[in-house]
Amino acid sequence: MRRYAIEFVDLFLCIGEEELLRGVSGKVEAGRIVVLIGPSGAGKSTLMSVCNLMRSPTAGSVYVEGREVRDWPVRKLRQKVGMVFQSPTIFPGTVEENLAYGLKLHGQSLHDPRSLLHDIGLEADLLSRPGAELSGGQKQRVALGRTLAMKPDILLLDEVTSALDVHAKLEVERTILRLHEQRHTSMLWVTHDLEQARRVADVVWFMAEGRLVETATADSFFAHPETLQAQRFMQTMAEGETR
Ligand SMILES: Nc1ncnc2c1ncn2[C@@H]1O[C@H](COP(=O)(O)OP(=O)(O)OP(=O)(O)O)[C@@H](O)[C@H]1O
């Protein structure tokens with residue numbers, strides 16, 4: 001049987017009466033970048049949050065490399081499935097301490113901080129700088145580096161460039177793509193930036209109202225989305241850009 005990086009099977013997530021996810025099924029092939037798009041409140045972040053058990057499914061299953069998430073020891077799961085958010089978390093201390101933070105929680109240490117710094121495109125002299133003094137783009141790269149230090153096979157990226165200016169956004173995006181080429185990390189990447197989605201996606205998943213409405217290769221989706229819901233979403237987004 002073929003192993004997928006992540007597989008969702010008829011996944012539901014409810015909070016009280018509200019269904020945040022409604023029967024999501026889909027497979028992320030290993031080494032692929034799947035970009036999740038859709039209107040605000042569609043359930044994109046919620047879908048990612050079940051992959052490392054930040055939230056638990058109400059019904060259905062999520063498999064990470066063939067093993068159901070609830071059967072993974074949580075620490076191992078979170079080492080395998082790294083997550084980076086819109087607003088980078090920077091802890092008190094130097095850049096080096098920030099990069100080592102996750103490993104330290106797992107009782108490990110960072111062996112080659114300079115090489116990691118190089119991987120995330122930062123100069124070596126930043127290692128001893130307080131993290132709080134960095135620019136927004138540098139902070140986001142440190143947050144990415146902290147996650148990468150754990151050597152995840154799967155990365156969940158939740159609007160990681162939306163708080164950055166255009167220059168920093170492209171820099172961080174390029175860093176992620178370079179790392180993807182080097183490490184073949186599988187990625188689920190939420191973005192509201194359709195130009196970014198076009199640049200980075202192998203596959204597009206379109207979500208609306210808690211459902212995975214359409215999945216397609218990026219080329220085919222951007223040439224012509226199949227469902228009316230996705231067509232309308234793309235049109236609304238295009239109108240927003242020209243306004
Ligand atoms: N703790 C919660 N309790 C109740 N409802 C919640 C909770 N967290 C999220 N929701 C609701 O779940 C729905 C999906 O939220 P989610 O953040 O996954 O959407 P999204 O597609 O990522 O949106 P955005 O693009 O705005 O980030 C929204 O309607 C949201 O209000």
Side-chain angles (χ1 to χ4, degrees), residues 3-29 32-74 77-78 80-87 152 154-160 162-163 186-194 196-197 200-218 220-222 224-240:
R3 280 272 184 102
Y4 292 93
I6 305 175
E7 184 172 358
F8 302 101
V9 181
D10 205 17
L11 184 68
F12 284 78
L13 196 149
C14 309
I15 295 185
E17 297 286 293
E18 200 177 345
E19 289 182 327
L20 276 56
L21 298 175
R22 306 175 187 194
V24 173
S25 295
K27 294 167 181 171
V28 177
E29 283 191 35
R32 291 297 179 95
I33 300 181
V34 173
V35 169
L36 271 174
I37 61 172
S40 198
K44 304 180 296 292
S45 300
T46 306
L47 185 65
M48 295 218 292
S49 69
V50 290
C51 299
N52 63 359
L53 273 188
M54 277 170 49
R55 283 178 169 171
S56 266
T58 307
S61 304
V62 183
Y63 297 90
V64 167
E65 294 189 348
R67 185 176 182 184
E68 219 285 328
V69 277
R70 286 158 289 191
D71 294 336
W72 277 89
V74 174
L77 179 70
R78 295 197 178 149
K80 179 159 283 289
V81 186
M83 188 157 189
V84 185
F85 301 93
Q86 177 177 349
S87 309
I154 299 168
L155 257 187
L156 309 172
L157 303 170
D158 199 350
E159 296 188 48
V160 285
S162 59
S186 313
M187 297 186 185
L188 254 187
W189 189 335
V190 172
T191 182
H192 283 279
D193 178 341
L194 291 184
Q196 178 171 69
V200 306
D202 294 317
V203 173
V204 174
W205 287 11
F206 171 74
M207 287 189 74
E209 297 169 356
R211 295 192 175 86
L212 180 53
V213 176
E214 183 167 342
T215 65
T217 63
S220 132
F221 185 86
F222 289 118
H224 186 68
E226 275 189 5
T227 57
L228 202 57
Q229 256 176 310
Q231 288 165 12
R232 286 198 181 129
F233 172 74
M234 294 298 281
Q235 199 174 349
T236 311
M237 294 293 281
E239 285 166 6

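Only this structure's heavy atoms are used, side chains among them; waters, hydrogens and symmetry mates stay out. It should be emphasised that the depicted structure is a prediction, and the values quoted were computed from it without experimental measurement. Note that the numbering runs from 1 along the sequence shown for the chain.
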Taking the side chain as every heavy atom from C-beta outward, state whether Val81 and Trp72 have any pair of such atoms under 4.5 Å apart.
no

Heavy atoms only: give me the nearest Phe206-Gly38 pair and the separation to one decimal.
CE1-CA, 3.8 Å

Taking side chain as C-beta onward, heavy atoms only, is Val203 less than 4.5 Å from Glu29?
no

Please find the pair of heavy atoms, one from Thr58 and one from Cys14, that lie closest to each other, and give the distance.
OG1-N, 2.7 Å

How long is the straight-line distance from CD of Gln196 back to CD1 of Ile37, given to the nearest 0.5 Å?
12.0 Å

Flag side-chain contact, heavy atom, 4.5 Å: Trp205 against Thr215:
yes

Please tabulate, one pair per line, all N/O donor-acceptor pairs under 3.5 Å involving side-chain atoms of residues 16-24, not counting sequence neighbours.
{"unit_1": "Arg22", "atom_1": "NE", "unit_2": "Glu209", "atom_2": "O", "d": "3.3"}

Any idea which heavy atoms bring Ser56 and Leu13 closest together, and the distance?
O-CD1, 3.5 Å

Roughly how far, to the nearest 0.5 Å, is CZ of Arg67 from OG of Ser61?
14.5 Å

Which atom of Ala230 lies closest to which atom of Pro225, heavy atoms considered
CB-CB, 3.7 Å

Going by the rule side chain to side chain donor-acceptor pair (under 3.5 Å), which residues pair with Gln86 if we only count those two or more places apart in sequence or in a different chain?
Ser162

Those residues at least two apart in sequence (or on a different chain) that pass ring-ring contact (aromatic ring centres under 6.0 Å, His included) with Phe221 are none

Tell me whether Ser186 contacts the main-chain N or O of Ala5 through its side chain, where contact means a donor paired with an acceptor under 3.5 Å.
no

Partners passing side chain to side chain donor-acceptor pair (under 3.5 Å) against Glu214 (at least two apart in sequence or in another chain):
Thr227

To the nearest 0.5 Å, atom CD1 of Ile154 lies from atom CD1 of Ile6 at 4.5 Å

Just by distance, do the side chain of Arg78 and the backbone of Met83 share a donor-acceptor pair under 3.5 Å?
no

Does the side chain of Cys51 reach to within under 4.5 Å of the side chain of Leu188, using non-hydrogen atoms?
yes

Taking CZ in Arg232 as the centre, count heavy atoms belonging to other residues, nucleotides or ligands within less than 6.0 Å. Is the count above 12?
no

Name all pairs fulfilling the side chain to side chain donor-acceptor pair (under 3.5 Å) condition that reach into residues 36-49, sequence neighbours left out, sorted by first residue then second.
Ser45-Asp158, Thr46-Arg55

Give a yes or no on whether Glu226 atom CD has more than 12 heavy-atom contacts from other residues, nucleotides or ligands under 6.0 Å away.
no

Going through the distances and angles, do Leu212 and Phe8 end up as a side chain to side chain contact (heavy atoms under 4.5 Å, CB included)?
CA-CA 10 Å; Leu212 180 53; Phe8 302 101; over 6 Å; no

Would you check if Val50 and Val69 make a side-chain contact, meaning some heavy-atom pair closer than 4.5 Å?
no

Sequence neighbours excluded, which residues qualify as salt bridge (charged side-chain N to carboxylate O under 4.0 Å, His left out) partners of Arg70?
Glu68

Show your reasoning for whether side chain to side chain contact (heavy atoms under 4.5 Å, CB included) applies to Met187 and Val200.
CA-CA 10 Å; Met187 297 186 185; Val200 306; over 6 Å; no

Criterion side chain to side chain contact (heavy atoms under 4.5 Å, CB included) on Val28 and Tyr4, from CA distance to verdict:
CA-CA 6 Å; Val28 177; Tyr4 292 93; 5.9 Å; no

